[in-house]
Each structure stands twice: as structure tokens, then as C-alpha cells.
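First comes the structure, then the notes that go with it.
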Amino acid sequence: KGIIMKKKVISALLCVAMVSSMLIGCGGSDDTTTPAPADDAAAETEAEAPADDAAADAEAEAPADDAAASAEGGSVYYLNFKPEQADDWVALAAKYTEQTGVQVDVVTAASGTYESTLKSEIAKTEAPTLFQVNGPVGMATWKDYCYDLSGSELYKNVKSDDFVLKEGDAVTGIAYVIETYGIIYNKTIMADYLTKDYAVISDVAEINSFDQLKAVAESIQANKEDLGVEGAFTSAGMDSSSDWRFKTHLANLPIYYEFEGNGYSSVAAIEGTYLDNYKAIWDLYINNSTCAPTLLSSKTGDEAEAEFALGEAVFFQNGTWEYGNLINAGMTDDDLGMLPIFIGAEGEENQGLCTGSENYWCVNSQASEADIQATLDFLAWVITSDEGRDAMANTMGFLTPFSTFDDGYVAENALIKAADEYIAGGKTSVAWCFPTIPSETWKDGVGSALTEYAAGTGEWDAVVTAFVDGWATEYQAANN
């Protein structure tokens, strides 16, 4: 599906969430990923599925009705992608086992290792019956292991095929969470800043362009002692727990604007039209931070999170999945707001937050019939039962694409509300284009070049080369 259609559907879904939250008033508490993201927020896509002729030839078909098959003797093994929800999934699985007697095991891959973990686990006798891919590129690797979900309760309740991956007529993956990211800011510190004589704005709403963001950030950095902070931005850590925020999520902005300008949703070669803008926002991050740019190579995601939660920085690039961590660290909804990531693109005053999904459930077609049915039954329970819906919406903080959540189970928290407000104000959400990135090797190349540039041991031209030439090389390798 094209980016434009997806933006319309995602915007509609978020609007439903906004209206539902006003009518129902559901509470939200935890959200999560750091990659993911998150975050690696973006799932690695380079690794190939283990060679198995029998697996490649198998073409399991979904039953016409889930109830037609038997789950007797079956069990579920879920390989979870999101570390921040690890305990939540274990608790929900235990509840299901208690109610049904069906064993559900949850294993969570360490941040940035999902693809390699999946490759290892899928080759075992007791392989995952439920796993995740990040989108079309990930599906290309794992399609021979993906059961057709077209007859499942999961598919019957998804609101649109824009949240579905298909191979021909087969439904091979279904998104289970819609997420949003941008620049989270500390509203309490910003309120204090606005009272100062050196403030360059009188209202946060005036930050609607890169120039305004830059002016505010540099003003904060110049007066950090008076404000009691260590820097305008948290450290832009480039270790594996944090680099996805910049080599993937930040990189999405120049990709998005190039895709929009050329009217396409994927491409074999990228021109790098907006890489000067990418440089400008990266320079802003690293030169107005809690630490020197030379220290970023070893800075972690946890350190950036702690800096923000402790009030040492005003701005923190991250997403709705981070909400639970910040609340658990002592922040409140009144402390949290979110701004778009402005890079100086034309028309960005009409830009909203970055909204999409890279989390698609897939059922292992190579599992036994009993295990497949047990997994389908578990997923049906997750999206229809009170326990499952409450866990996903209110404990994990997920905004889901399933119609079953509309009746009182719409996630609500300060960061989701920020996304609602931008959409209600007529702003255009930035689509997640990074699932079209050709490989994890491309991301690593860009990340290494960004790190060397920040450290002063590399030039920006190396980032351009990794971005443009690396894309063409990796796309060709992935499609040959």
C-alpha cells in the first residue's frame, strides 16, 4: 500500500482513539519499546531464514474457521520483540494458562538482536509458534514460515488491510500496535524557560519549524546552569541500545520527504535530497546535549532515558512506547509533551508526529497443527477478552488496529494525546518509511558514519556515502 493511503488510515485510527478517550476516559499506564522501537526499534532484516527445503516448500493454509481445528495438546511459544513489555507478556501468558490450561511461553530478545535470535530459535525443534517481522522487507526473509491468517479471528477484527502483510491472497502478518515518535519534551522545565528573559518564544506552540527548534535548543543550552539542566537534548547514544533512534528513526525524516516529493513508497536507489537537513538536525542534537559529541559512541538508551527523567535535559527523541518507563521513573502526564522532528523541509509547519507500525505478528507455519491452533486461540483471546485488551491498552499502552478495542479499551496517555492533538489540528502525520530500508547492514553503515562524524574522526561525506551508495548496494543484494 502507498504511504498516502496508510497515513489516511493511521490518522483515522488516531482520531478514533482521541474521540473514544474523551467519551470513555480509559486510563493508560505503560508503553514501551525502545526499540523498539523500538527499538533495535526497527527489526533487523538482513539475516536470512535458515535453509530448509521442507520449510520452503510447505504451504500451510489457514482453516476456514479457527474453531474447526483442534488445539488439544498444543502450546504457544511467543518470541517477543519489545523488551519493555517482557514482564507484561509473561504475566498475560500466565493468566491465559491459568484460565485454559494451555502452556504459553514468552521469550524476549535483547534489544537489537531480534533477527539473529529468531534465526537461531526457528531452527530448533521447539521453535517459536508466534514471532514478529518489521514489514515487507522482513516478510521477504520469513514468508516461508508464515501461516495464512486469512481465516483467523485476528484478521476478522483488524480495521484495514493497511495493517496487514500479504503474499498473494495469503495474510502472512498483522500489525498489533500503532506507535508514534517525535521529540518528547519536559513541559515543566519548558514552562520555567518561558518565564525567562532569554526565552526566544512565548509558547511551545511557536516551535513549528527547524529554525524555531534550533533557536530554542541553543537558548536552553546557553542558559543551562540557570535552568538547572545539563543540556537541551539528552545524549544521542550510539551504542546498540540507542543508535536505532538515529540511524533508523531520525533517518526516516529525509527518507520520508524524498519519498513524498517523488510520489513513491519504496525505491531501489535513494538520491539523498534531504541529507543536508539530516546533518542539520544531527548537529543540533550532538552540539546541544548533556555530553560532548566525542562520548556518544558508548552512551546508552538507559542513560538518555535517565537524563530526561531526572530533569537533566529538556528534549528526548523517542516515542509512545517510552511512556511507561518515564512514568515509572517518577514523571507524570503533566511533565510530558511531544514535538515533531523538524529538519527544515519545505512545508514542515504542517507536519505532525511520526506514526506507523513495524510490529507484525506472524504464526509459524512449520509448527504442528495443534501448536498453530493453540497460537491462534491465544491471539484471539488477547484481542477479545477483557484481560487481554486491558493488558494491551492500559498496561502496555498500545494503540491497536483491532475493532475489538473500540469498546472501552483505547489506550490513553500524554504522548498518545499529543499525537491526537496534532491530527485534530490538521497536521499531517509522517509515515514510517524505514521498514523499506533494504537491510540492517545499511543501518549499521549509517550509524557508524554518524558516530565517527560526531567523534570528529569522520566527515559528513561518509554519512552521505553510507546513506546513498549503501542503499543501492543493499537493495541490489536483497533483491537478487
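Model, not experiment: these values are computed from the prediction.
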Ring centres under 6.0 Å, that's the criterion: do W432 and Y181 meet it? yes
Using the ring of each side chain (for Trp, its six-membered ring), is W142 parallel, tilted or perpendicular to Y145, with breaks at 30° and 60°? perpendicular
To the nearest 0.5 Å, what is the distance between OH on Y323 and CG on L336? 7.0 Å
Atom pair OG1/CG of T375 and L154 - distance to nearest 0.5 Å: 11.5 Å
If we ignore angles and hydrogens, is there a donor and acceptor under 3.5 Å between the side chains of E303 and T300? yes
Q212 side chain near F342 side chain, heavy-atom distance below 4.5 Å: no
With a 3.5 Å cut-off and no angle check, do the side chains of N134 and Q132 form a donor-acceptor pair? no
Check this for me, if you would: do E421 and K417 make a salt bridge, where the nitrogen-to-carboxylate-oxygen distance has to be below 4.0 angstrom? no
Go through the side-chain N and O atoms of E474 and S439 and say whether any donor and acceptor fall under 3.5 Å apart. yes
Side chains of W361 and Y78: any donor to acceptor distance under 3.5 Å? yes
Will you find, in the side chains of T172 and E167, an N or O donor that is under 3.5 Å from an N or O acceptor? no
Report the relative orientation of the aromatic rings in F316 and F308; use parallel for angles under 30°, tilted for 30 to 60°, perpendicular for over 60°. tilted
Rounded to the nearest 0.5 Å, what separates atom CZ in F81 from atom CG in N359? 6.0 Å
Determine the interplanar angle of the Y285 and F233 rings, folded into 0 to 90°, and report it as parallel if under 30°, tilted if 30 to 60°, perpendicular if over 60°. tilted
Any salt bridge linking D334 with K187? Criterion: basic side-chain nitrogen under 4.0 Å from a carboxylate oxygen. no
Compute whether any side-chain donor of one residue and acceptor of the other, for Y77 and E121, lie under 3.5 angstrom apart. yes
Count the heavy atoms belonging to other residues, nucleotides or ligands that lie under 6.0 Å from CG of D276, then report whether that count exceeds 12. no
Under 3.5 Å, is there a donor-acceptor pair linking the side chains of E179 and T355? no
